[in-house]
Amino acid sequence: MTVVPLGIPRRLLEFTIDGEPVRTTEGSTILDACRAAGKDIPTLCEGDTLRPKNACRVCVVEVEGSRTLVPSCSRKAEAGMEVKTDTERARHSRKIVLELLASSVDLSTTPHVAGWIKEYEAKPDRFGPDAARLNEEPRIDNELYVRDYDKCILCYKCVDACGDQWQNSFAISVAGRGFDARIAVEHDAPLTDSACVYCGNCIEVCPTGALSFKSEFDMRAAGTWDESAQTETTTVCAYCGVGCNLTLHVQDNEIVKVTSPHDNPVTHGNLCIKGRFGYQHVQNRD
């Protein structure tokens with residue numbers, strides 16, 4: 001029997017969220033505590049498998065005594081802290097951020113954004129039709145996944161997943177400055193000429209669909225992609241003995257993409273190229 005060490009217990013902290021007393025463990029973020037208390041805090045760049053990057057600023061809240069709004073995804077909870085999540089100041093900030101993002105980026109495949117825009121009465125079109133956008137065609141330079149920079153919000157989650165937090169391939173980084181900044185491989189070359197190992201872990205963490213499976217991209221273009229008609233089945237990858245968990249997304253009796261559970265102790269949402277993309281043999285009808 002394997003004995004798992006429990007470690008040193010973390011002490012509980014007491015503070016208030018919107019006037020209500022809450023308890024959370026030491027080291028937890030304000031966002032963790034808000035979610036545990038049932039508070040709906042919008043966020044785009046936060047991910048449960050990566051360290052917070054503080055990039056999107058949609059999750060800001062007001063903390064008593066703080067001069068500025070603070071990102072709840074990274075600010076650690078402290079004893080005696082007074083947090084307000086739904087003040088006029090916080091709502092106005094989220095509204096502006098959503099307007100700026102939606103006016104410059106295609107958020108059509110970003111989950112929950114349409115609801116947030118409605119909730120905060122954001123009006124992205126108030127910047128007019130001349131608001132700067134990339135208007136760049138999706139980059140399709142391989143058969144596994146697509147890069148659509150028109151949907152990229154520069155949250156850097158893909159860079160972190162490719163870098164020292166998971167894959168350690170360091171194939172992608174930020175290139176350019178200002179409005180010309182973009183996620184790219186060295187010299188902005190095609191993926192096939194880069195250090196990319198096609199693990200697809202960048203796709204797993206992308207919040208907007210800027211990175212997507214080629215299968216999903218093609219089905220969306222054809223108008224046949226329908227998540228409501230898809231089933232999800234979690235199984236074990238058969239390629240090697242590591243024991244990675246795969247979640248098969250199936251539509252019309254065909255596997256359309258493969259993900260991995262983020263709470264799995266083996267994979268934490270990550271896979272290799274064979275686990276994420278090597279499923280064609282399962283449905284080979286020849």
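Residue numbers start at 1 and run along the sequence shown.
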Chemist: According to a hydrophobic-cluster definition based on side-chain heavy atoms being under 4.5 Å apart (Ile, Leu, Val, Met, Phe, Trp, Tyr only), do L12 and L31 belong together?
Modeler: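 Each belongs to a different hydrophobic cluster.
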Chemist: Answer yes if the side chains of T87 and E62 hold a donor-acceptor pair under 3.5 Å, and no otherwise.
Modeler: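 Judged by distance alone, the side chains do pair up.
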Chemist: When hydrophobic residues are tied together by side-chain contacts of less than 4.5 Å, even through go-betweens, does V174 share a cluster with F170?
Modeler: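 No, separate clusters.
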Chemist: Given D141 and R147, is the side chain to side chain contact (heavy atoms under 4.5 Å, CB included) satisfied, shown in steps?
Modeler: CA-CA 9 Å; D141 51 17; R147 295 177 290 169; 2.8 Å; yes
Chemist: For Q280 and F277, indicate whether the former's side chain and the latter's backbone hold a donor-acceptor pair under 3.5 Å.
Modeler: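 At least one qualifying donor-acceptor pair exists.
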Chemist: Return the CG to CZ distance between D164 and R51, rounded to the nearest 0.5 Å.
Modeler: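 Here the rounded value is 5.5 Å.
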Chemist: Atom CZ of F213 and atom CD1 of I255: how far apart are they, to the nearest 0.5 Å?
Modeler: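 Between atom CZ of F213 and atom CD1 of I255 there are 11.0 Å.
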Chemist: What are the two closest heavy atoms between P207 and L44, and how far apart are they?
Modeler: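 Scanning both residues, the minimum pair turns out to be CB-O, 3.3 Å.
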Chemist: Backbone N or O of D226 within a donor-acceptor pair of the Q251 side chain at under 3.5 Å?
Modeler: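 Here the side-chain-to-backbone pair exists.
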Chemist: Under a 4.5 Å side-chain heavy-atom rule over Ile, Leu, Val, Met, Phe, Trp and Tyr, are V159 and W166 clustered together?
Modeler: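 Per the 4.5 Å side-chain linkage, V159 and W166 are not co-clustered.
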Chemist: Mind checking whether L191 and I140 sit in one hydrophobic cluster, side chains of I, L, V, M, F, W, Y counted as touching below 4.5 Å?
Modeler: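 Result: no, two separate clusters.
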Chemist: Would you say CD of E186 has more than 12 non-hydrogen atoms from neighbouring residues, nucleotides or ligands within 6.0 angstrom?
Modeler: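 No, CD of E186 has 12 or fewer neighbouring heavy atoms, counting only those of other groups under 6.0 Å.
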Chemist: Looking only at heavy atoms, what is the nearest atom pair of C244 and L271, with distance?
Modeler: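 Minimum heavy-atom separation between C244 and L271: CB-CD2, 3.9 Å.
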Chemist: Is R89 close to L69 at the side-chain level, that is, under 4.5 Å between some pair of heavy atoms?
Modeler: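 Yes; the side chains approach each other to less than 4.5 Å.
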Chemist: Quick one: CZ on R11 to CD on E26, what's the gap to the nearest 0.5 Å?
Modeler: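 One gets 4.5 Å once the value is rounded to the nearest 0.5 Å.
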Chemist: Please find the pair of heavy atoms, one from L98 and one from A122, that lie closest to each other, and give the distance.
Modeler: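 Shortest heavy-atom separation between L98 and A122 comes out as CB-CB, 4.3 Å.
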Chemist: Do NZ/NE/NH1/NH2 and the carboxylate oxygens of K95 and E121 come within less than 4.0 Å?
Modeler: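 Salt bridge between K95 and E121, a charged N being under 4.0 Å from a carboxylate O: no.
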Chemist: Does the side chain of R94 come under 3.5 Å of the side chain of Y120 through a donor N or O and an acceptor N or O?
Modeler: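 There is such a pair between these side chains.
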Chemist: When you compare the side chain of C202 with that of C162, does any pair of heavy atoms fall below 4.5 Å?
Modeler: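 Counting from C-beta outward, C162 and C202 never come under 4.5 Å.
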Chemist: Can you find a heavy atom in the side chain of Y198 that is under 4.5 Å from one in the side chain of N142?
Modeler: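 With C-beta onward as the side chain, the pair touches.
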Chemist: Are R139 and D188 close enough, and set up right, to give a salt bridge (Lys or Arg N to Asp or Glu O under 4.0 Å), and what steps lead you there?
Modeler: CA-CA 11 Å; R139 295 197 179 188; D188 203 16; 3.0 Å; yes
Chemist: The test is side chain to side chain contact (heavy atoms under 4.5 Å, CB included); show your working for L13 and R23 and say whether it passes.
Modeler: CA-CA 5 Å; L13 302 175; R23 285 185 175 184; over 6 Å; no
Chemist: Consider only side-chain N and O atoms of N54 and S74, and report whether a donor and an acceptor are under 3.5 Å apart.
Modeler: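 Yes, side-chain donor-acceptor contact under 3.5 Å.
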Chemist: Quick one: do R126 and E99 satisfy salt bridge (Lys or Arg N to Asp or Glu O under 4.0 Å)? Show the steps, please.
Modeler: CA-CA 8 Å; R126 73 184 178 91; E99 287 180 340; 2.7 Å; yes
Chemist: Determine the minimum heavy-atom distance between A77 and F15, stating which atoms define it.
Modeler: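 Taking A77 first and F15 second, the nearest heavy atoms are CB-CE2, 3.7 Å.
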Chemist: Considering non-hydrogen atoms only, spot the tightest contact between P124 and S103 and give its length.
Modeler: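 P124 and S103 have their closest heavy atoms at O-CB, 3.6 Å.
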Chemist: Going through the distances and angles, do K39 and D86 end up as a salt bridge (Lys or Arg N to Asp or Glu O under 4.0 Å)?
Modeler: CA-CA 10 Å; K39 303 289 184 179; D86 202 37; over 6 Å; no
Chemist: Just by modelled atom types, is the S260 backbone N or O under 3.5 Å from a matching donor or acceptor in the N245 side chain?
Modeler: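 No; zero donor-acceptor contacts below 3.5 Å.
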Chemist: Looking only at side chains, do T85 and D18 share a donor and an acceptor under 3.5 Å apart?
Modeler: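 Side chains of T85 and D18: pair found under 3.5 Å.
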Chemist: Has T29 got a side-chain atom pairing as donor or acceptor with D32's backbone, closer than 3.5 angstrom?
Modeler: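 Side chain of T29 to backbone of D32: a pair is present.
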Chemist: From the options R57, R35, K53, select the one residue that forms a salt bridge (charged side-chain N to carboxylate O under 4.0 Å, His left out) with E46.
Modeler: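 Testing E46 for a salt bridge (charged side-chain N to carboxylate O under 4.0 Å, His left out) against R57, R35, K53 leaves exactly one candidate, R35.
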Chemist: Would you indicate whether the side-chain heavy atoms of F127 and L100 approach each other to under 4.5 Å?
Modeler: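 Side chain of L100 against side chain of F127, heavy atoms only: contact under 4.5 Å found.
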Chemist: Identify whether the distance between the nearest side-chain nitrogen and carboxylate oxygen of E227 and R220 falls below 4.0 Å.
Modeler: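 Salt bridge: yes.
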Chemist: Testing the 3.5 Å rule here: is there a donor-acceptor pair between the side chains of N270 and T267?
Modeler: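 No.
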Chemist: Between L246 and Y239, is any pair of side-chain heavy atoms under 4.5 Å apart?
Modeler: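 Sidechains of Y239 and L246: no contact.
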Chemist: How long is the span from the CG atom in L101 to the OG1 atom in T110, to the nearest 0.5 Å?
Modeler: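 Answer rounded to 0.5 Å: 9.0 Å.
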Chemist: Quick check: F217 with Y145 (ring centres under 6.0 Å apart)?
Modeler: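 Ring-ring flag for Y145/F217: false, centres at least 6.0 Å apart.
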Chemist: Can any side-chain N or O of S72 pair as donor or acceptor with the backbone N or O of C59 at less than 3.5 Å?
Modeler: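 The answer is yes, because a donor-acceptor pair under 3.5 Å joins these two groups.
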Chemist: Verify, without hydrogens or angle tests, whether T208 (side chain) and K151 (backbone) share a donor-acceptor contact under 3.5 angstrom.
Modeler: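 Looks like yes, one N/O pair under 3.5 Å.
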Chemist: Using a 6.0 Å cut-off, check whether atom NE2 of H112 has over 12 heavy atoms from anything other than its own residue.
Modeler: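 No.
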Chemist: What residue pairs, at least two apart or across chains, pass salt bridge (Lys or Arg N to Asp or Glu O under 4.0 Å) with a residue in residues 230-249?
Modeler: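 Counting only pairs at least two positions apart or across chains, no salt bridge (Lys or Arg N to Asp or Glu O under 4.0 Å) contact touches residues 230-249.
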Chemist: Determine the minimum heavy-atom distance between T49 and H268, stating which atoms define it.
Modeler: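 So the minimum-distance heavy-atom pair works out to CG2-O, 3.4 Å.
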Chemist: Apply side chain to side chain contact (heavy atoms under 4.5 Å, CB included) to residues T109 and D148 and explain how you reach the verdict.
Modeler: CA-CA 11 Å; T109 55; D148 189 348; over 6 Å; no
Chemist: Does S169 use its side chain to pair, donor to acceptor, with the backbone of A171 at less than 3.5 Å?
Modeler: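 Not confirmed, S169 side chain does not pair with A171 backbone.
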Chemist: Output the distance between atom SG (C240) and atom NZ (K274), rounded to the nearest 0.5 Å.
Modeler: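 Here the interatomic distance stands at 6.5 Å.
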Chemist: Passes salt bridge (Lys or Arg N to Asp or Glu O under 4.0 Å), R182 versus E136? Steps please.
Modeler: CA-CA 12 Å; R182 64 178 59 215; E136 183 177 314; 3.0 Å; yes
Chemist: Using side-chain heavy atoms (C-beta onward) and a distance below 4.5 Å, is V256 in contact with M219?
Modeler: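 Yes, their side chains come closer than 4.5 Å.
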Chemist: Start with the C-alpha distance between V146 and K214, add both sets of side-chain angles, then the distance that settles side chain to side chain contact (heavy atoms under 4.5 Å, CB included), and finish with yes or no.
Modeler: CA-CA 6 Å; V146 176; K214 179 69 161 48; 3.7 Å; yes
Chemist: Can you tell me how far the OH atom of Y156 sits from the CG atom of L50, to the nearest 0.5 Å?
Modeler: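 Going from OH on Y156 over to CG on L50, the span is 15.0 Å.
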Chemist: Determine yes or no for a side-chain-to-main-chain donor-acceptor pair under 3.5 angstrom, with K157 supplying the side chain and V205 the backbone.
Modeler: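 Indeed, once roles are kept as given, a pair shorter than 3.5 Å links the two residues.
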Chemist: Any heavy-atom pair between the side chains of I30 and V63 that's under 4.5 Å?
Modeler: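 Answer yes - side chains close enough.
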Chemist: Holding to side chain to side chain donor-acceptor pair (under 3.5 Å), I want the full list of residues that pass it with R276, two or more places apart in sequence or in another chain.
Modeler: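 Here the qualifying residues are N201, E204.
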Chemist: With no hydrogens and no angle check, is any side-chain donor or acceptor of N264 less than 3.5 Å from a backbone partner on V266?
Modeler: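 Pair found, side chain donor or acceptor close to backbone of V266.
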Chemist: Would a hydrophobic clustering, with Ile, Leu, Val, Met, Phe, Trp and Tyr connected at side-chain separations under 4.5 Å, put V185 with I183?
Modeler: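 Yes; I183 is reachable from V185 via cluster members.
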Chemist: Can you find a pair of side-chain heavy atoms, one from V60 and one from V70, that are under 4.5 Å apart?
Modeler: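 Side chain of V60 against side chain of V70, heavy atoms only: no contact under 4.5 Å found.
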